[in-house]
Number of protein chains: 2
Amino acid sequence: MADQRRPLTLRDVSEASGVSEMTVSRVLRNRGDVSPATRERVLDAAKSLGYVPNKIAGALASQRVNLVGVIIPSLSNMVFPEVLEAISAVLEDTGLQPVFGVTGYRAEKEETVIYEMLSWRPSGLIVAGLEHSDAARAMLGNAGVPVVEIMDVDGPVIDTAVGISHARAGRMMAEAILAAGYRRIGFLGTRMAGDHRARKRLEGFRSALADAGVEVQDKEFYEGGSSLAKGREMTAAMLARSPDLDFLYYSNDMIGAGGLLYCLEQGIDIPGRMGLAGFNDVDLLDGLPMRLATMDACRFEIGRQAAAIVAGRHPEGIIGGEIVALTPRLNPGDTIR
Amino acid sequence: MADQRRPLTLRDVSEASGVSEMTVSRVLRNRGDVSPATRERVLDAAKSLGYVPNKIAGALASQRVNLVGVIIPSLSNMVFPEVLEAISAVLEDTGLQPVFGVTGYRAEKEETVIYEMLSWRPSGLIVAGLEHSDAARAMLGNAGVPVVEIMDVDGPVIDTAVGISHARAGRMMAEAILAAGYRRIGFLGTRMAGDHRARKRLEGFRSALADAGVEVQDKEFYEGGSSLAKGREMTAAMLARSPDLDFLYYSNDMIGAGGLLYCLEQGIDIPGRMGLAGFNDVDLLDGLPMRLATMDACRFEIGRQAAAIVAGRHPEGIIGGEIVALTPRLNPGDTIR
DNA sequence: TTGAAAGCGCTAACAT
DNA sequence: ATGTTAGCGCTTTCAA
């Protein structure tokens with residue numbers, strides 16, 4: 001517990017306990033056979049010195065690193081913290097530790113983050129999305145460790161992917177909307193070049209509408225700011241411009257919730273006169289005056305399975321090198337008639 | 001770009017470029033003098049091989065690690081992602097990289113996370129809160145690197161702290177409520193033993209009320225679930241039990257928002273018949289029918305300053321070993337008369 | 001401007 | 001059950 005500037009080493013513990021460095025190392029890692037007496041002496045010495053092992057040296061010597069890199073676009077999206085939570089929970093008792101990196105939806109930043117992560121030689125990598133720069137793809141392909149791409153399955157996969165088809169999610173929502181008899185449909189979403197999943201949902205959505213001879217009648221995009229407030233503003237603007245719309249499809253639940261609050265305030269009959277839907281099925285909605293129709297992105301399950309694959313604890317029959325396509329679940333809530 | 005199992009080393013690049021390992025190392029780190037011709041040859045070789053430096057070896061040799069450990073209680077709290085964002089932004093151009101660890105508000109888990117982090121010999125540590133186990137406190141005290149405790153300043157500090165006084169925040173809110181003439185006050189919060197800041201706010205709140213001879217008339221606590229929904233339920237329960245309350249103080253904005261929505265639906269006159277207030281000043285509120293009174297926890301500023309201190313770029317006159325107490329700002333919104 | 005040698009703190013592999 | 005030796009892949013330091 002004495003304060004020192006030079007960090008303590010195994011050698012210090014070795015000297016303090018009168019045992020070889022190797023034996024100290026064994027005790028500290030619970031490896032091999034060590035007599036209880038020796039064990040206790042070592043532990044006492046380590047504790048009273050305040051020794052913290054140097055994993056850098058350990059990793060270099062053993063060629064093993066208990067880190068798993070997790071690369072996501074954003075922390076403010078509300079979706080990713082939940083994926084992280086699921087990943088953390090699974091890794092908790094595997095001896096692996098997640099390390100998070102954030103890309104801000106920028107491919108070039110993603111490339112940097114991947115490079116940085118790989119330079120620490122992690123045991124595995126979990127990366128959100130399938131779209132990467134060529135260089136990033138090359139690095140991931142040659143990483144020599146499990147690489148799991150999560151969230152999305154619509155596109156070429158490097159090694160293993162766990163996610164949903166966002167095109168299909170968009171299609172399913174379109175079909176539900178059409179089946180409910182809505183025809184004059186508006187779309188409200190983010191203007192974010194890097195958000196490929198939102199783009200794919202919109203594409204799937206439009207293509208299913210097109211199959212029924214229906215077109216999206218109005219669109220509105222936003223960037224930045226409070227999603228709830230933006231949802232309000234965008235909805236007000238769109239309804240002012242296109243008052244005869246009978247359905248509004250939002251690219252996420254937060255702006256959808258803003259739209260819902262606006263419509264309710266305006267006294268618009270939901271879901272009779274107009275229907276609404278979002279995406280993600282976030283808990284948040286539980287407390288709103290009405291439950292917004294939405295679609296579950298399976299983010300807990302995605303986190304769980306991705307972590308299990310990286311940890312080598314593959315859920316039922318999955319062994320890596322595969323695509324695990326989860327099924328998005330439609331939650332009709334109260335805003336589709 | 002050839003695929004290999006054994007990760008590439010400096011030696012591979014050295015052989016491919018016909019230059020010594022040392023020179024390759026210099027090129028890759030932009031250190032020392034290297035002729036442009038050599039430089040280019042090395043860069044070409046590294047790129048075409050797909051070489052990724054091994055930071056583990058580099059860190060061991062140089063005794064320098066560009067990692068900053070950031071330890072927070074939770075990712076789902078909405079507050080911490082913002083602090084992380086601010087930290088990331090500041091570290092972005094310092095060559096330092098944040099590594100996040102989550103404690104789940106459990107002191108014992110925090111101890112483990114600190115130990116793990118320190119075993120990677122980071123350049124600094126940012127830890128949320130002032131309450132730690134004795135062992136954790138000892139580790140932090142002997143870490144030999146900058147340790148910044150954030151969010152809170154009410155208590156003993158290990159090295160440097162950046163935060164607000166939550167006791168004072170609670171007191172300020174009580175004073176504002178009393179000044180507005182409310183007297184029959186209820187409190188709604190989390191039942192979380194590890195959330196010391198919420199506890200301190202409540203203590204400050206009650207003590208300021210007590211100074212005016214006022215007592216909290218009813219209390220309700222929750223755990224888990226959607227905060228918005230819980231805010232609703234708790235509010236409904238409390239008003240059923242104590243119908244004559246004229247103010248509800250919530251320990252965070254999310255449950256406050258749930259309560260607000262409930263009250264509005266019930267047709268309760270806000271802020272006339274009853275006032276409401278939360279804590280955190282989250283953006284979310286912008287889109288609600290009324291803006292909830294709240295208090296800014298200065299989380300961006302906290303993240304910024306903490307990162308600057310760890311990075312050695314101390315903002316105006318702060319040099320570490322100090323307590324930076326930021327001033328919480330009351331945002332009266334529309335729910336205090 | 002470039003290279004050679006030594007060693008960072010630990011662990012694998014092999015003694016004893 | 002414990003100790004010894006030889007690296008892990010880099011960077012520091014010194015030499016050329």
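Note on naming: letters A, B, ... go to the chains in the order of the sequence lines (proteins, then strands), and numbering restarts at 1 for each one.
- Recorded end-axis angle for the helix from dT1(C)-dA16(D) to dT16(C)-dA1(D) stands at 30°, based on five pairs per end and rounded to 10 degrees.
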Side-chain donor/acceptor pairs under 3.5 Å, residues 81-91 of chain A, sequence neighbours excluded:
residue, atom, partner, partner atom, Å
E82(A), OE1, R299(A), NE, 2.9
E82(A), OE1, R299(A), NH2, 3.0
S88(A), OG, L84(A), O, 2.9

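- Distance check, rounded to the nearest 0.5 Å: CG of N54(A) to CG of L10(A) gives 9.0 Å.
- Distance CZ (R39(B)) to C1' (dT2(C)): 16 Å, rounded to an integer number of Å.
- In this structure, the side chain of D12(B) engages the main chain of T9(B) through a donor-acceptor pair within 3.5 Å.
- Contact annotation: S35(B) side-chain N/O to dT2(C) OP1/OP2 distance is under 4.0 Å.
- Remark: S20(B) is not in phosphate contact with dT2(C), judged by side-chain N or O atoms under 4.0 Å from OP1 or OP2.
- Residue pairs meeting the side chain to side chain donor-acceptor pair (under 3.5 Å) criterion with at least one partner in residues 95-106 of chain A, sequence neighbours excluded, are N77(A)-Y105(A).
- One finds no side-chain N or O of T38(A) lying less than 4.0 angstrom from the OP1 or OP2 phosphate oxygen of dA1(D).
- Every pair passing side chain to side chain donor-acceptor pair (under 3.5 Å) that includes a residue from residues 112-125 of chain A is listed here, sequence neighbours excluded: E116(A)-K55(B).
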Per-nt protein contacts along nucleotides 5-16 of chain D (heavy atom under 4.0 Å; B base, S backbone sugar-phosphate only, - none) come out as --BBBBBB----
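- Summarising the geometry, atom CG belonging to L125(B) is positioned 10.5 Å from atom CG belonging to L67(B); distances are rounded to the nearest 0.5 Å.
- Rounded to an integer number of Å, the gap from CD of E40(A) to P of dA1(D) is 16 Å.
- The CZ atom of R137(A) lies 7.0 Å from the CG atom of D134(A); values are rounded to the nearest 0.5 Å.
- Considering only residues two or more places apart in sequence or on other chains, R197(A) meets the salt bridge (Lys or Arg N to Asp or Glu O under 4.0 Å) condition with none of them.
- The nearest whole Å value for the distance from the CG atom in D33(A) to the C1' atom in dA1(D) is 7 Å.
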